[in-house]
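Below: the structure, in structure tokens.
Below, chains carry the letters A, B, ... as their sequence lines are ordered, and counting in each starts from 1.
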Amino acid sequence: MSRSVRADFTARVLSAVRRIPRGRVATYGDVAAIAGRPRAARAVGNIMRTCARPDVPCHRVVAAGGRLGGYGGSETVKRALLVAEGVQFRGKRLADLKTVRIRHRAC
DNA sequence: TGGTTGACGGTGG
DNA sequence: TCCACCGCCAACC
């Protein structure tokens, strides 16, 4: 049972990341919340690392505060991908997180 | 089955 | 604004 729950959580996480539109981003916490585990941001990072599937735009998932996070240490690549999608940066952080951040809570 | 790891979040100094 | 500590959760050995 627990395994099914985790598998479902993982599936929801992948699905949530896949739904992030181009030019937008989401924090690990947001993805975790959408998947049903608001406090599983760390687990989301692990899922991203273990799965790392091409159909999952993991580069659109950033850390809280507009920071990039890990991404294997090559944060430059991740930043370049986001910049290519129109996301503006201010140094190592997003220039406007609240603007590009997706909102799963519809108006 | 149990312990460790790690692409995090929030708070305090 | 930056660094360190603690808490949380899934994957891996």
### Query
With no hydrogens and no angle check, do the side chains of Arg19(A) and Ser15(A) hold a donor and an acceptor under 3.5 Å apart?
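Result is yes, a qualifying pair exists.
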Distance check needed: [N] [atom2] versus [X] [atom1], whole Å only.
X: Leu68(A); N: dC8(B); atom1: CG; atom2: C1'; result: 14 Å
X: Arg49(A); N: dA7(B); atom1: CZ; atom2: C1'; result: 8 Å
X: Asn46(A); N: dA7(B); atom1: CG; atom2: C1'; result: 8 Å

### Task
Could you point out which residue of Val25(A), Thr27(A), Ile34(A) forms a side-chain contact (heavy atoms from CB on, under 4.5 Å) with Ile102(A)?
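Of all the options given, the one that passes is Ile34(A).
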So which protein N/O to nucleotides 9-13 of chain B N/O distances come out below 3.5 Å?
residue: dG9(B); atom: OP1; partner: Ala64(A); partner atom: N; Å: 2.9
residue: dG9(B); atom: OP2; partner: Ala64(A); partner atom: N; Å: 2.7

Rounded to the nearest 0.5 Å, what separation is found between the [atom1] atom of [X] and the [atom2] atom of [Y]?
X: Arg103(A); Y: Arg24(A); atom1: CZ; atom2: CZ; result: 7.0 Å
X: Arg22(A); Y: Leu82(A); atom1: CZ; atom2: CG; result: 11.0 Å
X: Leu97(A); Y: Arg67(A); atom1: CG; atom2: CZ; result: 11.0 Å

### Query
Which two nucleotides bound the region of DNA chain C that has atoms under 4.0 Å from heavy atoms of chain A, read 5' to 3'?
dC2(C) to dA11(C)
### Task
Mind listing the closest non-hydrogen atom pair of Pro57(A) and Arg18(A) along with its distance?
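Heavy atoms of Pro57(A) and Arg18(A) come nearest at CD-CA, 3.9 Å.
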### Message
Is it true that, when you exclude Arg53(A) itself, more than 12 heavy atoms of the residues, nucleotides or ligands shown sit nearer than 6.0 Å to its CZ?
### Response
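Incorrect, the count does not exceed 12.
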### Query
Can any side-chain N or O of Lys92(A) pair as donor or acceptor with the backbone N or O of Arg79(A) at less than 3.5 Å?
no
### Query
If each of Arg90(A) and Phe9(A) is mapped to the nucleotide of DNA chain C with the nearest heavy atom, which maps nearer the 5' terminus, i.e. the 5' end?
Arg90(A)
